[in-house]
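Since the model is a prediction, treat every value here as computed from it, not as a measurement. Counting begins at 1 with the first residue of the sequence. Below, all heavy atoms of this structure are taken into account, side chains as well, without hydrogens, waters or symmetry copies.
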Amino acid sequence: MDDTYFMKQAIDLSRKAVEHGNEPFGAVLVKDGKAVYTNENQIYTKHDATFHAEAGLIRRFNEETGITDLSDYTLYSSCEPCFMCSGAIVWTELGRLVYGADNTDLENILGNIGCNCSRIVFENSFYSPEVTSGILREESLEVLKAYFGNHKKG
């Protein structure tokens with residue numbers, strides 16, 4: 001399966017996050033061509049500002065499986081992971097990250113300049129996963145624009 005297959009799942013999870021009362025971000029963890037874990041942003045429903053799609057997925061997956069080395073896994077994220085989520089990716093030594101819209105896209109929607117946070121974290125850390133960006137970017141942007149056109153971030 002190609003990257004678009006799992007990215008569609010991540011974007012669908014971002015839509016479900018909104019339906020469940022959260023911000024539009026979704027993530028899918030894949031190993032050997034199979035989705036092994038998924039998560040959507042849950043910052044409002046969990047009353048936890050750190051329960052982003054990626055960090056929440058990593059936290060729950062590590063806890064439930066006892067697996068903390070993600071070097072054989074690929075994480076698909078509807079939007080580029082923030083600094084916090086990128087840090088979690090470094091600490092678990094994720095093998096590969098694939099995302100749709102990047103943080104500068106999101107920040108532009110919010111009226112800010114922004115930066116590529118994952119790249120900054122990875123370039124300044126002891127570890128960096130392989131990164132593929134821009135997969136289904138326009139579809140991801142549609143979801144972000146629809147939500148943040150009517151809501152503030154955070």
In short, ring-ring contact (aromatic ring centres under 6.0 Å, His included) pairs touching residues 48-74 with sequence neighbours left out are Tyr37-Phe61, Phe61-Tyr73

Across all chains, not counting sequence neighbours, the side chain to side chain donor-acceptor pair (under 3.5 Å) partners of Asp32 are none

| request: Taking the side chain as every heavy atom from C-beta outward, state whether Val98 and Phe6 have any pair of such atoms under 4.5 Å apart. | output: no

Is any side-chain heavy atom of Leu29 closer than 4.5 Å to one of Leu94? yes

Examine distances only and state if a side-chain atom of Asn62 and a backbone atom of Ile67 form a donor-acceptor pair shorter than 3.5 Å. yes

A side-chain contact here means heavy atoms from C-beta on lying under 4.5 Å apart; do Phe25 and Cys82 qualify? no

Salt bridge (charged side-chain N to carboxylate O under 4.0 Å, His left out) filter on Asp48, not counting sequence neighbours, yields Arg59

Would you indicate whether the side-chain heavy atoms of Val36 and Val30 approach each other to under 4.5 Å?
-> no

Between the CD1 atom in Ile58 and the CG atom in Leu70, the distance rounded to the nearest 0.5 Å is 6.0 Å

Here the gap from Glu23 atom CD to Ser14 atom OG, rounded to the nearest 0.5 Å, amounts to 11.5 Å

NZ of Lys145 to CG of Asn108, rounded to nearest 0.5 Å, is 9.5 Å

field: Residue pair Ile113 / Thr104, side-chain heavy-atom distance below 4.5 Å
entry: no

Without hydrogens or angle criteria, can the side chains of Glu80 and Ser118 be said to hold a donor-acceptor pair below 3.5 Å?
yes

task: Using the rule that two of Ile, Leu, Val, Met, Phe, Trp, Tyr join whenever any of their side-chain heavy atoms come within less than 4.5 Å, decide whether Ile109 and Ile43 are in one cluster.
output: yes

Is it the case that atom CD in Glu64 sees more than 12 heavy atoms from other parts of the structure closer than 6.0 Å? yes

Between Val121 and Leu106, is there a shared hydrophobic cluster once you connect ILVMFWY residues whose side-chain heavy atoms come closer than 4.5 Å?
no

Residue pairs passing the ring-ring contact (aromatic ring centres under 6.0 Å, His included) test with at least one member in residues 90-144, sequence neighbours excluded, are Trp91-Phe126

| task | Answer with yes or no whether the hydrophobic clustering places Val90 together with Leu97; edges join I, L, V, M, F, W, Y residues whose side-chain heavy atoms lie under 4.5 Å apart. | result | yes

CG (Leu13) and NZ (Lys8) are apart, to the nearest 0.5 Å, by 14.5 Å

### Query
Do Val143 and Ser78 touch side chain to side chain, with heavy atoms closer than 4.5 Å?
no

Any chain of hydrophobic side-chain contacts (each under 4.5 Å) joining Met84 to Leu57? no

Check your understanding: Should Leu144 and Cys79 count as side-chain neighbours, where that means a heavy-atom distance under 4.5 Å?
Key -> yes

* Asked: Are any non-hydrogen side-chain atoms of Asp3 and Thr132 less than 4.5 angstrom apart?
  -> yes

Contacts of Ser140 meeting side chain to side chain donor-acceptor pair (under 3.5 Å) (sequence neighbours excluded), chain-then-number -> none

Using the rule that Ile, Leu, Val, Met, Phe, Trp and Tyr join whenever any side-chain heavy atoms are under 4.5 Å apart, tell me whether Phe148 and Val18 fall into a single cluster. yes

The complete set of salt bridge (Lys or Arg N to Asp or Glu O under 4.0 Å) pairs with one or both residues in residues 101-130, sequence neighbours excluded, reads Arg96-Glu130, Asp105-Arg137

The reported gap from CD in Glu63 to CZ in Arg60 (rounded to nearest 0.5 angstrom) is 9.0 Å

(request) Report the C-alpha separation of Glu19 and Asn22 in whole Å, then their side-chain angles, then the decisive distance to 0.1 Å, and conclude whether the side-chain hydrogen bond (donor to acceptor under 3.5 Å, both in side chains) test is met. (result) CA-CA 7 Å; Glu19 291 172 16; Asn22 295 292; over 6 Å; no

